[in-house]
Structures are given as structure tokens and as C-alpha cells.
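Labels below follow one simple rule: chain letters A, B, ... track the order of the sequence lines, proteins then strands, and each chain is numbered from 1.
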Amino acid sequence: MQAAECTWSQFEMLRPLCFKSPSLFSNFSKHSPFFRSNSRINRYPSFMATMSSVSTRNDPLSTPQITHQPLQVAKRLEKFKTTIFTQMSMLAIKHGAINLGQGFPNFDGPDFVKEAAIQAIKDGKNQYARGYGVPDFNNAIAARFKKDTGLVIDPEKEVTVTSGCTEAIAATMLGLINPGDEVILFAPFYDSYEATLSMAGAKIKCITLRPPDFAVPIDELNSAISKNTRAILINTPHNPTGKMFTREELNTIASLCIENDVLVFTDEVYDKLAFEMDHISLASLPGMYERTVTMNSLGKTFSLTGWKIGWAIAPPHLTWGVRQAHSFLTFATSTPMQWAATVALCAPDSYFEELKRDYMEKKAILVQGLKDVGFKVFPSSGTYFVVVDHTPFGLENDIAFCEYLIKEVGVVAIPTSVFYLNPEDGKNLVRFTFCKDEETLRSAVERMKEKLKKK
Amino acid sequence: MEEKLSSVAKTFTPSPIQELSHLAQRCNAINLAEGFPDFSAPPCIKQAAVSAINNDFNQYRHVQGICDQLALKMNKMHGLNIDPLTDIAICCGQTEAFAAAVFSIIDKGDEVLLFDPCYETYQGCIAMAGGIPVYVPLDPPHWTLDPEKLMSSFTSRTKAVVLNSPHNPTGKVFSREELEVIAECCRRWDCVAITDEVYEYITFDEQKHETIASLPGMQERTIITSSLSKTFSITGWRIGWAIAPASAASAIRNIHVKITDSAPAPFQEAALTALSSPTKYFETLRIEYQSKRDFCMKLLNSVGFRIQFKPQGSFFLFAELPKDCLLSDVEYVKELIKQAGVVVVPGHGFFHGKSGSDQPSDESFRHQKRYIRVAFCKSEATLCAAAQKFGELMNAKGSPKLHC
């Protein structure tokens with residue numbers, strides 16, 4: 001049986017929660033999610049007769065029209081369809097295409113981490129973990145953060161473990177954003193940002209990063225940010241472009257945030273895949289820790305994307321909001337995996353060095369291959385993604401190109417228009433990933449060389 | 001930075017439960033509070049997870065086989081026809097399934113009925129989606145549903161009813177008659193039922209769990225949520241699901257993808273093994289939990305309790321303090337920790353608002369401070385140790401020593 005850390009996870013649910021301000025919580029659209037007829041059904045006369053003496057609060061029975069509507073969901077949710085990743089993967093399977101689209105490895109995580117998970121399962125660590133994380137894991141996260149940034153944090157008060165970084169993002173948005181709050185996003189962006197901001201009822205202001213170097217347009221940022229801005233979201237190293245925010249860019253963002261009292265949410269899941277420059281956590285800049293939620297996960301660094309282990313690091317007053325939302329979203333995170341993640345985060349430097357070396361070799365194969373094929377390849381400093389301009393091949397837009405690539409060439413890429421508020425901004429670009437074994441990468445390049453012809 | 005806090009954040013106060021938890025830890029108390037087992041998960045299911053990890057099922061995935069098996073189960077248990085391709089969303093535990101279900105249908109200002117006493121999380125989810133929780137009290141001592149109270153709680157803003165059966169904390173299993181009353185109200189007011197059926201396989205004395213979705217006119221307006229956790233004693237694996245008509249299930253799935261993206265991959269694989277457990281597994285589960293229930297009842301009766309409501313399901317016993325005990329639930333729990341070294345949960349945290357009368361008086365909700373919840377999802381060793389501790393509470397004359 002686990003030690004004290006799991007003792008009170010149920011208890012935490014009994015904390016008195018004061019929801020006095022409805023504005024904290026997410027606000028969906030104003031549309032009625034249901035088709036509701038105003039008439040009441042009188043189909044069960046005997047029951048109604050029995051109940052006729054009961055007065056109902058507001059609604060008199062009116063004419064007995066039978067309106068029988070199936071359960072309908074909110075019109076606002078029509079936006080959130082099956083993701084492009086799933087669609088492309090399905091198409092890929094159908095055509096036997098090599099998948100360089102979806103961002104997960106086709107090789108597995110390191111044995112020492114898998115063994116730690118197996119040991120945890122065998123040791124009986126299978127019940128609820130403490131809601132905000134297994135204490136040993138919180139400690140390991142704090143230790144890692146200190147090693148990476150120099151910041152000393154309190155694992156008990158400033159670390160929240162979540163089901164992947166995806167949940168850290170959702171919990172941060174839902175826990176800290178009030179309906180109507182203004183939030184700045186950089187496009188292209190990972191698709192869950194827009195969705196969860198929308199669930200939180202935020203007003204999104206988008207700044208587009210443009211090729212060739214996807215640099216932050218400082219003038220645009222200056223005019224976008226104001227005292228009305230609640231938060232800004234930064235993803236570095238950046239998916240899909242591979243851009244890494246430079247020290248100059250981060251300094252500028254930092255001073256604007258301090259000046260306008262803006263919160264920062266950073267998604268740093270690719271921090272260990274920083275190739276062309278050092279990764280910098282915005283929280284480590286002067287005056288920034290107190291206003292930053294730093295999010296990360298296990299999946300990319302340890303090639304275990306399906307384990308769903310992530311975390312958010314923030315000062316106590318921000319952590320509180322994240323933990324509240326998290327407790328209602330998933331309550332607790334997978335226990336055996338947290339124990340394994342504790343071991344993972346203590347991996348020696350050599351693990352991370354080898355990870356980088358491996359990925360840089362893979363990147364070289366793909367990038368050279370894509371150039372040889374005829375794509376215009378944009379420089380990618382980090383992540384395991386690279387974006388390219390597909391227009392030399394004469395397809396109308398990114399989606400058309402990707403479909404062509406799957407069906408006629410047998411390779412999958414992701415159309416980047418889905419990562420923009422305005423899809424037009426992405427129509428010339430597609431994203432390839434190199435988180436695949438070298439043979440797969442070479443085969444994909446061969447197929448493209450053979451079958452993809454410039455127009 | 002202070003002014004950045006939401007107004008809700010500023011109202012946060014420390015919890016008496018937290019203080020009790022620290023006291024319990026200091027006293028190294030036997031824990032009959034927490035709602036999860038202290039015995040092992042079934043070996044073959046653990047082995048399935050181990051194999052999955054070894055066989056590289058460690059990247060993002062959706063295991064369709066889970067949906068196929070759930071559809072079969074729902075058909076076998078409840079006679080429901082579920083399409084495994086469209087009607088099911090796999091989530092990180094029932095918690096996430098419920099959260100996604102609420103987000104899929106609750107708009108700001110929508111009212112959601114909850115039966116009181118109830119598990120705390122529902123309210124939090126509903127509020128997070130902008131909804132308004134409305135409590136319908138169940139009547140002690142048998143936690144019966146009064147149709148009048150239910151009907152008078154509906155308004156034009158009522159969107160959904162949350163139904164947790166078997167029920168935490170009381171152990172009640174809603175009867176068919178009660179389900180029919182709730183169903184009729186849902187049909188009449190065109191509302192949705194969101195169910196929490198995590199204890200579906202833990203029912204006693206020939207009681208069978210029925211899902212409200214199997215009643216006429218209900219499948220099209222019910223979202224069922226459940227999980228592996230309680231059935232297979234793996235509360236830490238986070239594998240749950242929502243079953244609903246295709247449009248709702250699709251919305252729930254899309255929301256889930258944005259909240260967590262997918263449930264832990266190796267445990268999804270292991271779920272296939274779990275869900276194909278033979279009938280004998282479920283029978284043994286019931287029998288074992290029933291004997292633990294009986295043991296606990298005997299134990300409490302021996303220290304002055306007179307349990308009026310025998311749990312019909314779940315692994316909780318909701319016991320009213322002995323009549324001659326003048327302590328509140330929190331005080332009793334404190335004394336129990338200090339004098340007997342056993343910890344249970346004070347019941348008042350499960351109650352909300354006033355008990356249904358129009359003229360609430362102290363009397364009418366006095367009972368809210370008179371219950372303790374005892375979890376009997378514990379090994380024999382734990383329960384026996386607890387019994388021994390309780391035994392020490394009795395003095396030489398055979399009367400309870402615990403000062404009340």
C-alpha cells in the first residue's frame with residue numbers, strides 16, 4: 001500500500017469550495033445547446049394524475065404537443081471535430097503511407113523508465129495518487145527545474161502533475177482565465193490552445209509568426225499587448241515550426257508583461273530537443289517567475305507519449321487555480337507512470353545528450369532529403385518538426401498537397417493551416433516530423449524523390 | 001499580483017478535513033476513510049499492463065477494442081444497443097468522462113440537479129462549465145427519493161440531472177420506481193441524465209444495478225459515465241468512459257482530446273483483459289465486498305451504532321452517530337482518531353444547502369452533522385485491525401467508552 005501521499009486524495013475532494021464568482025469559470029457560447037420545446041409532454045397520464053397535486057416552480061403545463069428531440073449538443077462544439085491528426089493517420093493507414101505527420105515516435109522509450117513503471121505496478125502502486133502529484137515525483141520535477149533554470153521552487157506548493165501537458169494547458173486555461181479575458185497567442189499554434197481558451201470563454205488575440213525565421217514581430221506585439229491583456233501563451237521550442245524564442249525576444253516579452261501586468265503560460269515540452277541554441281525558460285527571467293505557469297511533460301523527452309504524464313510549475317497563487325481545475329478535470333494522474341517518471345527525470349546527462357545526438361542525426365536525414373526533393377525547407381532550431389513550403393509542387397493548398405502526398409506518394413505530412421486562426425496563413429506550409437527511426441525517414445525520402453515532381 | 005487572483009481564489013479557506021488528515025497521519029490511524037482499496041489489483045490485469053509496456057504500447061493510442069467490449073457488456077447487462085464506433089468516448093477515468101460530459105451540454109446559467117448527499121466533484125465540474133448545481137435532498141434514514149421534492153426542483157433552466165447509483169456516500173442503489181420517477185421528469189422536462197455508475201458491479205443481497213438509460217425514452221437522453229477503477233481495484237490507472245448517443249459521444253470525445261488527448265496507453269491495453277474477465281470475477285467481487293460490508297456493520301453496531309440503512313451497493317457505509325452521542329461528526333471523527341486510532345470521513349461535507357423544506361430550521365438539517373462515512377474497500381487484515389481498535393473502545397462492562 002502506498003504511503004501517506006495517497007491517504008487523503010478523496011478528502012481533498014471534500015474541501016469547501018466557494019464558487020462565489022461565476023466569472024472565473026468557463027462560459028460557452030450563448031446559444032442554447034438544446035432544442036427545447038416550450039410545450040410540455042403529457043404522455044404519461046397516470047403519472048401526471050398522481051403528481052397533479054404537486055406545483056412546479058415556473059412552468060405551467062401547456063398544450064400537449066409531442067416534441068421528441070434526441071440529445072443535442074451545443075452548436076459551439078461543432079468547431080471541435082475530429083482532429084486533423086486522426087484524419088491524416090486514418091488516410092495513411094488506408095494508403096499504406098509512411099507517417100511523418102503525427103508527432104509520436106515509432107520507436108519506444110528507454111528500458112530503465114519502462115522497467116520502473118513495471119516495478120511500480122508489481123509493487124502495488126495502482127491506486128489514486130495524491131491529486132496534485134506523487135510527492136517523490138513533485139520533488140523530482142522541482143529538482144529538474146532547478147537543474148535546468150537555476151530556480152528553486154517548492155514541490156508541494158508550486159508543482160501540479162497532470163495527464164500530459166495537454167491537461168496542464170486545459171487546467172491552466174480553465175483555472176486562471178475568466179470569460180472575456182484577453183489572451184495573446186502566437187500562430188501557428190498547437191490545436192488544443194484555441195480549443196481550451198474557447199472553453200474558458202477567452203478573447204483570443206493572435207500574432208502570426210511568418211517564414212523564413214518565424215521571428216516575433218515586435219511591433220505587432222507592442223500594439224497587441226495592453227493592460228487589458230490577461231495572459232500570453234508561449235510555446236518554445238515551437239510546434240510546428242521548430243522555432244526557439246531567442247533571449248532578445250523573451251526579454252522583450254518579459255518587459256511588456258511586467259509593464260502591463262500580464263500572466264505568461266509557457267509550453268516547453270520540447271525543451272530537451274533544443275538543437276541550434278539553448279532553451280530558455282521565460283520563468284527564469286527577472287520578475288517573471290511570479291507571473292508564469294511553466295508546463296512540460298514526459299512524453300517527448302522519453303518517447304512515451306501515451307503515458308500522459310505532464311506538469312505545471314507556478315507560484316502558489318497561480319498553482320491554486322491550476323489545481324482546482326485539474327481536480328475536476330481528471331482528479332489524479334496515473335500512479336505507476338508517476339513513479340516511473342520520477343526515475344526518468346533523474347536520468348544522467350548522458351541520456352539527454354544521446355537523445356539530442358540521435359534526433360540531430362534524424363533531422364539531418366530528413367532535412368537534406370526534403371531539400372533534395374525540392375521543398376523549400378525553413379530552419380528549425382528545436383522540436384522534432386520541420387515546416388516546408390510545398391508550393392513548388394503546384395498543389396492548391398496545404399490540405400490538397402497532403403492528400404496528394406498520401407495517395408500518390410505514400411508519405412504523410414500535416415497541413416499547417418489547422419494551426420492558424422486564419423487558415424489562409426498556413427496554406428503554403430506543411431509540417432514533417434523526424435521522430436521516426438532512420439530507416440523510416442530514408443524510405444520516406446526515397447518515395448518522395450521518386451514520385452514527387454516539381455511542376 | 002494579489003489583484004490577479006480571481007474572486008473565487010480569494011475566498012478559499014483551509015479545510016477542517018485537512019486538519020483531520022494531519023491528525024490521522026500523526027496518530028498513524030487505520031484508514032477507513034479513503035475510497036480506494038488497500039489490497040492488490042487482480043494479478044492478471046497487472047500482468048496485462050506489464051506486457052503492454054514491454055510490447056511497446058506506449059505511444060498515443062485509442063484502443064477500439066475497449067469500446068467493442070463495453071458495447072457487449074451494456075447489451076448483456078442492460079439490453080442496450082450501443083454502437084462501439086460512435087457512442088463511446090474513452091477518457092482518463094470517470095472523472096474526465098464526467099467533466100467532458102458536463103462541458104458538452106452545460107451552458108452558463110443551466111441548472112443541474114444533484115441528489116444530496118453527494119460526491120463533491122460534480123458540483124465543481126458543473127460550476128466550471130458555468131452551470132448552477134441544484135440539490136434535491138434524499139430523505140434519511142433510508143435516503144429515499146421524494147418525487148415531490150424532485151419535481152419541485154425543476155425549472156425552465158434545468159438542463160440535466162446527475163445520478164450516481166450505486167451511491168457515494170450512502171451506499172443506496174436507486175430502485176426501479178425511483179429511476180422511473182427520475183426518467184419521467186427527464187422526459188417531461190426534456191432533460192439529460194448524466195450518470196456516474198462506477199460502483200455498478202458492487203451491489204449486495206440480490207440487488208442488481210440498473211442504468212436509467214435502459215428505461216423507455218431514456219437512452220437518447222442519457223450520458224453514462226463509468227470506469228475500471230472500482231471494479232478492478234485500479235483507481236490509479238485512469239481508464240474510464242462515457243457512453244451516449246452519437247452526437248454527444250462525439251462532442252465528449254472531441255473535448256476529451258483537448259483536455260488530455262488520450263488515456264494512458266498501456267492501461268487501455270490492460271483494459272481489454274479486465275473487461276473480458278469471466279463472470280466468476282464479478283460474482284467474487286460482490287461476495288467479498290458483501291462480507292466486508294457485513295463485517296463493518298457488525299463492528300459499528302458493537303460500539304453503539306444502530307445502522308438503519310444497510311448499504312445496497314458501493315463500498316461505503318453511511319452511519320448515523322448513536323443517539324446518545326452528542327458530538328458532531330467532525331468531533332466524533334477526531335475522537336475516533338485519538339482514542340481508537342481509526343479514521344473515517346465526517347458526513348457533513350457531502351451535504352449541500354438546506355434540506356428541502358421551505359422553512360429551513362436548524363432541526364431539519366441537523367442530520368447533516370450526524371453521519372460518518374466508513375469505507376470498507378479494505379483488506380481483511382485492515383478490517384480486523386480496525387475491529388480490534390474499536391473493541392478497545394468498549395470498557396469492562398461492555399459499554400462504549402468513547403466519550404460522546
Counting only heavy atoms closer than 4.5 Å, note whether [X] contacts chain A via side chain, backbone, both or neither.
X: B/F39; answer: backbone
X: B/T260; answer: both
X: B/A263; answer: backbone

CH2 (A/W307) and CD1 (B/I53) are apart, to the nearest 0.5 Å, by 5.0 Å

Mind checking whether A/F331 and A/Y128 have parallel, tilted or perpendicular rings, split at 30° and 60°?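 Ring orientation of A/F331 relative to A/Y128: perpendicular.
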
State whether B/E269 and B/R61 are salt-bridged, where the test is any N-O pair (Lys NZ or Arg NE/NH1/NH2 against Asp/Glu carboxylate O) under 4.0 Å.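 B/R61 and B/E269: salt-bridged.
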
Applying side-chain hydrogen bond (donor to acceptor under 3.5 Å, both in side chains) to B/D56 and not counting sequence neighbours gives A/K114

Can you see whether A/F104 has A/K300 sitting over its ring - NZ or CZ less than 6.0 Å from the centre and within 45° of the normal? no

Taking the six-membered ring of B/F36 as reference, does the cationic atom of B/K230 (NZ for Lys, CZ for Arg) lie under 6.0 Å from its centre and within 45° of its axis? no

Portion of [X] that has a non-hydrogen atom of chain B nearer than 4.5 angstrom:
X: A/Y190; value: side chain
X: A/A325; value: both
X: A/Y193; value: neither
X: A/P105; value: both
X: A/T333; value: backbone

Is there a side-chain contact between A/L304 and A/V113 (heavy atoms, below 4.5 Å)?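 In short, these two side chains touch, coming nearer than 4.5 Å.
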
Can you tell me which of [options] forms the most heavy-atom pairs within a distance under 4.5 Å of chain A?
options: B/S233, B/G240, B/S40; result: B/S233
options: B/A246, B/A265, B/A100; result: B/A265
options: B/R238, B/Q268, B/Q94; result: B/R238
options: B/P43, B/S262, B/A375; result: B/S262
options: B/T235, B/I239, B/D261, B/T95; result: B/T235

Using modelled atom types and a 3.5 Å cut-off, is there a donor and acceptor pairing between side-chain atoms of [X] and backbone atoms of [Y]?
X: B/Q59; Y: A/S303; value: yes
X: A/N126; Y: A/I121; value: yes
X: A/R230; Y: A/L176; value: yes

Tell me, out of A/D111, A/T166, A/T305, who's got the most heavy-atom pairs with chain B below 4.5 Å.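 Highest number of pairs under 4.5 Å: A/T305.
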
For chain B, which of A/S334, A/A170, A/S192 has the most heavy-atom pairs under 4.5 Å? A/S334

